[in-house]
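Numbered from 1 within each chain, the chains take letters A, B, ... in sequence-line order.
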Amino acid sequence: MDLFYFAWLREKVGTGSEQRTLPADITTVAALVEWLKTQSPGHAAAFADPALVRVAVNQDHAGLDAIVTDRDEVAFFPPVTGG
Amino acid sequence: MDLFYFAWLREKVGTGSEQRTLPADITTVAALVEWLKTQSPGHAAAFADPALVRVAVNQDHAGLDAIVTDRDEVAFFPPVTGG
Amino acid sequence: MIHVQTEDFDAGALLNGLLNDPAAGAVATFTGTVRDDSGTLTALTLEHYPGMTEKQLQALEDDARRRWPLSDVVIIHRYGRLIPGDRIVFVGTRAAHRADAFAACEFLMDWLKTRAPFWKQEQYGDRQTWVEAKASDDTAADRWS
Amino acid sequence: MIHVQTEDFDAGALLNGLLNDPAAGAVATFTGTVRDDSGTLTALTLEHYPGMTEKQLQALEDDARRRWPLSDVVIIHRYGRLIPGDRIVFVGTRAAHRADAFAACEFLMDWLKTRAPFWKQEQYGDRQTWVEAKASDDTAADRWS
């Protein structure tokens, strides 16, 4: 699975992208977030308040209940501030 | 009194402007219109349907009930179509 | 800045001229050109009421500045004979926030369409007709009342 | 036309490029620049999500074209390091009628502010802070739902 982090999530995780093999029992974004929190103190800090985090699955905005597989590209970021 | 006519009112009256001495008993735009209708067939044609005519007194939009004096500049024209 | 003129204007240069204030990050513009729906329009002639036009446009600008915090306003309107594709009108507004810039720009166009003393005559070949005012323009203007 | 780029753009040239269709008489534009309210902003750095940005902007353009009869749409958004006064974003729309051009231009800006994956980091001297999203932007975007 390709994972991307932007803005302050990138800074807290410590990298802008990483590849991970998704455990078979993880099928939603919500479960993915809980699992990522266990991977490093940086991940734990980034996802400390899930209400601040937005998600895209395969470059489309998605919710915490979105289905994910190991072939997906999943990105985490704060609410966007462009324009 | 300075009178101005624009667009098809100008064409019907036959001139874009004229100076007239306002009869003393005429004090409103409505009375002015009725009096102008008697001045020539062109004026009569221009003011045949007062609902089509808009008015400005001293270069501000005004209604038929606006007060006018011999020192005013009064213009008649169809609804505007600029922009 | 208000100009009522027969000469053409450079809309791009007017927009770039508005982009010079680091305190105000939002610039909205509207540019109107002579539209030829049927492909048969020969020319459009705009008549106006010199004196009243400038007075009404200044009143519109003053009103917009009272309603929204604007750091600049540009209104350019041409008159005389134009052909399809020619620029007629430019309105540009600059504000700190985009909602103010957009609202003021739309307000100015809506009121300009119903209050500025311009009249359009269309020429198709050798036939000339005065353009009739649209009820939709009155409706658009009414929403600001 | 959609461009996501680090290079500056010429807003005036983009506007003039939209003024070339005699069938469509109305062009609305919005240009956003780096605003410095306090006079102490050193720089603004825009980060984005390559790939998703282009995909989302194309989806916005497609959506705008379904909602309004537009004959052209231009969206330019910069990323990277910018300083106060620098141009960030340009949106231009062309239609036969001004109400469509204005509505589409505002829609694109509102949705761009809430859906395009850009993040702004402000630098004041050597202090850097991520800009927080504004509730007013969500409210503005919601009116099109």
Residue K55(D) versus chain A: region with a heavy atom under 4.5 Å: side chain

Residues of residues 52-65 of chain A with any heavy atom under 4.5 Å of a heavy atom in chain D: A56(A), N58(A), Q59(A), D60(A), H61(A)

One should read off an interatomic distance between W8(A) CH2 and E47(D) CD, to the nearest 0.5 angstrom, of 12.5 Å

Once side chain to side chain donor-acceptor pair (under 3.5 Å) is applied, do any residues pair with Q19(A), and if so which ones, sequence neighbours excluded? D2(A)

Listed by number, the residues in residues 114-145 of chain D that come under 4.5 Å of chain A (heavy atom to heavy atom) are T114(D), R115(D), A116(D), P117(D), F118(D), W119(D), K120(D), Q121(D), W130(D), V131(D), E132(D), A133(D)

Enumerate the residue pairs fulfilling salt bridge (Lys or Arg N to Asp or Glu O under 4.0 Å) with a member in residues 68-83 of chain A, sequence neighbours excluded, ordered by first and then second residue. none

Would you mind checking which part of F4(A) comes under 4.5 Å of any heavy atom in chain D, side chain (CB onward), backbone (N, CA, C, O), both or neither? side chain

